[in-house]
Amino acid sequence: MRLQRSFFARPALTVARELLGKTLVKIEPDGTRLSGTISETEAYIGELDLACHAKAGKTKRTQGLYGTPGLTYVYFTYGMHWMLNFVSDRSDFPAGVLLRAMQPIDGLDCMRARRKRPDRELTNGPAKLAQALAISQAWYGYDSCQPKATLYVEDAPVISWAQFTTQPRVGIPNVPEPWRSFPWNYQLQR
DNA sequence: AGGACGATTAACT
DNA sequence: GTTAATCGTCCTG
């Protein structure tokens with residue numbers, strides 16, 4: 001069962017926590033199914049959150065964050081990496097959830113061809129996950145809730161409070177407090 | 001117009 | 001543990 005818009009139209013912290021354990025799916029043009037269990041997420045919440053791209057307001061880059069929940073927010077960084085997020089909360093409030101890692105299920109051969117790394121390094125980072133799924137600018141603003149979507153999330157039971165951990169968000173050492181330390185990173189317990 | 005920096009990764013010592 | 005890679009975006013002047 002595919003997650004519908006009502007799932008994403010909630011606070012980003014809720015969406016980040018409940019995406020853990022669910023299955024990210026991408027169906028390639030040739031029908032190949034790529035999938036994995038979402039194992040790490042991170043929430044970015046509003047213009048006041050100095051770690052969120054929307055801190056600079058609505059721009060060409062960030063306009064998608066202000067859009068409809070359930071759409072993707074994709075961006076390019078460090079001159080070489082793409083990142084995949086799902087827009088959360090409500091329209092006109094910029095909030096999103098970054099997908100930082102997943103445990104591969106289907107399409108390992110396809111991912112191996114794209115990544116050329118050991119299996120454990122196929123999707124254990126945000127840019128690695130995006131590369132394994134071949135996510136780039138072409139997927140900016142893609143509606144994962146549309147009936148015929150080829151990039152979407154499949155439902156699974158919500159993870160219990162004992163099965164995940166939280167910690168400060170990764171890779172934002174220059175963001176001022178208190179934003180730098182808010183425990184808005186969610187990970188499945190290993 | 002120019003420069004600093006980034007929601008990272010891989011290769012190095 | 002350290003650092004190069006590499007370029008779009010935003011801020012300063």
Side-chain angles (χ1 to χ4, degrees), chain A residues 8 11-20 22 24 34 36 38-67 69-89 93-104 108 110-142 144 151 153 164-188:
Chain A
F8 297 98
L13 291 175
T14 303
V15 175
R17 171 168 53 84
E18 295 201 11
L19 276 176
L20 290 178
K22 299 209 167 16
L24 179 63
L34 309 177
I38 297 171
S39 56
E40 184 181 352
T41 61
E42 218 160 66
Y44 291 85
I45 310 175
E47 296 181 347
L48 298 180
D49 176 4
L50 295 182
C52 182
H53 290 163
K55 68 177 185 294
K58 186 187 276 192
T59 65
K60 184 175 182 181
R61 181 200 203 192
T62 63
Q63 53 164 333
L65 277 175
Y66 294 76
L71 269 63
T72 61
Y73 169 62
V74 172
Y75 68 90
F76 183 68
T77 190
Y78 292 106
M80 62 192 90
H81 298 307
W82 293 93
M83 307 280 162
L84 173 63
N85 301 245
F86 284 112
V87 176
S88 302
D89 213 291
F93 181 80
V97 174
L98 171 68
L99 299 186
R100 290 191 56 90
M102 71 176 184
Q103 300 157 355
L108 276 286
C110 182
M111 296 180 196
R112 289 180 185 119
R114 286 172 176 159
R115 291 270 312 139
K116 301 188 178 76
R117 305 286 304 172
D119 281 4
R120 55 159 291 121
E121 296 174 26
L122 288 178
T123 58
N124 65 337
K128 302 179 195 181
L129 184 158
Q131 186 185 3
L133 296 180
I135 300 295
S136 65
Q137 180 63 29
W139 291 89
Y140 187 101
Y142 185 80
S144 72
L151 172 65
V153 182
F164 71 89
T165 59
T166 66
Q167 61 163 49
R169 292 173 291 183
V170 175
I172 54 169
N174 296 327
V175 171
E177 296 289 6
W179 313 106
R180 181 173 58 212
S181 295
F182 284 142
W184 292 353
N185 172 289
Y186 293 77
Q187 297 181 225
L188 279 186

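Order of the sequence lines fixes the chain letters, A, B, ..., with proteins taken first and strands second; residue numbering starts at 1 for each chain.
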(message) Under 4.0 Å, counting only non-hydrogen atoms across every strand here, what does A:M80 touch: a base, just sugar-phosphate, or nothing?
(response) base
(message) Within the 4.0 Å heavy-atom criterion, would you say A:I172 contacts the bases, only the backbone, or no part of the nucleic acid?
(response) sugar-phosphate
(request) Give the C-alpha distance, both sets of side-chain angles, the deciding distance and a yes or no for side chain to side chain donor-acceptor pair (under 3.5 Å) between A:Q131 and A:R115. (result) CA-CA 7 Å; A:Q131 186 185 3; A:R115 291 270 312 139; 2.6 Å; yes
(request) Calculate the interatomic distance between A:E40 atom CD and B:dT8 atom C1'; express it in whole Å. (result) 13 Å
(message) Nearest whole Å is fine: how far is B:dA7 C1' from A:F182 CZ?
(response) 17 Å
(message) Rounded to whole Å, how long is the line connecting atom NZ of A:K128 with atom C1' of B:dT8?
(response) 9 Å
(message) Once hydrogens and angles are ignored, does a donor-acceptor distance under 3.5 Å link the base of C:dA5 to the side chain of A:Y78?
(response) no
(message) Does a side-chain N or O of A:R115 approach OP1 or OP2 of B:dA10 to a distance below 4.0 Å, or not?
(response) yes
(request) Starting from C1' on B:dA7, measure out to CD on A:Q167 and report it in whole angstrom. (result) 13 Å
(request) Please name the pair of heavy atoms, one in A:D89 and one in A:P69, separated by the smallest distance, quoted to 0.1 Å. (result) O-CG, 3.1 Å
(message) Taking 4.0 Å as the cut-off, does a side-chain nitrogen or oxygen of A:R100 come that near to OP1 or OP2 on B:dT8?
(response) yes
(request) Take atom CG of A:L65 and atom C1' of B:dA7, then tell me their distance rounded to the nearest Å. (result) 11 Å
(request) For the residue pair A:F76 and A:W82, categorise the inter-ring angle as parallel (less than 30°), tilted (30 to 60°) or perpendicular (more than 60°). (result) tilted
(request) For the residue pair A:Y78 and A:H81, categorise the inter-ring angle as parallel (less than 30°), tilted (30 to 60°) or perpendicular (more than 60°). (result) perpendicular
(message) Base, sugar-phosphate or nothing for A:A51? Non-hydrogen atoms, less than 4.0 Å.
(response) base
(message) Between the side chains of A:E42 and A:R100, is the shortest nitrogen-to-carboxylate-oxygen separation below 4.0 Å, so that they form an ion pair?
(response) yes
(request) Search all heavy atoms of A:D49 against all heavy atoms of A:A43 and return the closest pair with its distance. (result) OD2-O, 4.5 Å
(request) Determine the interplanar angle of the A:Y73 and A:Y140 rings, folded into 0 to 90°, and report it as parallel if under 30°, tilted if 30 to 60°, perpendicular if over 60°. (result) perpendicular
(message) If I compare all heavy atoms of A:R17 with all of A:T41, which pair ends up nearest, and what's the gap?
(response) N-OG1, 4.5 Å
(request) Could you give the distance separating B:dG2 and C:dT6 at their P atoms, to the nearest angstrom? (result) 22 Å
(message) Judged by each residue's nearest nucleotide on DNA chain B, which is more toward the 5′ side, A:E121 or A:N85?
(response) A:N85
(request) Measure across A:L24 and A:M102 and return the closest heavy-atom pair with its distance rounded to 0.1 Å. (result) CD2-SD, 4.1 Å
Between N or O atoms, less than 3.5 Å apart, protein on one side and nucleotides 8-13 of chain C on the other: list the pairs.
unit_1: C:dC10; atom_1: OP1; unit_2: A:T59; atom_2: OG1; d: 2.8

(request) Taking only the side-chain nitrogens and oxygens of A:N174, find out if one of them lies under 4.0 Å from OP1 or OP2 of B:dG6. (result) yes
(request) Round to a whole Å and report the spacing from CD1 of A:I45 to P of B:dA7. (result) 16 Å
(request) Could you tell me the separation between the CD atom of A:Q137 and the P atom of C:dC7, rounded to a whole number of Å? (result) 16 Å
(message) Nearest whole Å is fine: how far is B:dG6 P from A:Y44 OH?
(response) 12 Å
(message) Given a 3.5 Å cut-off on both pairing distances, which stems involving DNA chain B, each at least three consecutive Watson-Crick or G-U pairs, are present, if any?
(response) B:1-6 with C:7-12, B:8-12 with C:1-5
(request) Return yes if a side-chain donor-acceptor contact under 3.5 Å exists between A:Y186 and A:E18, otherwise no. (result) no
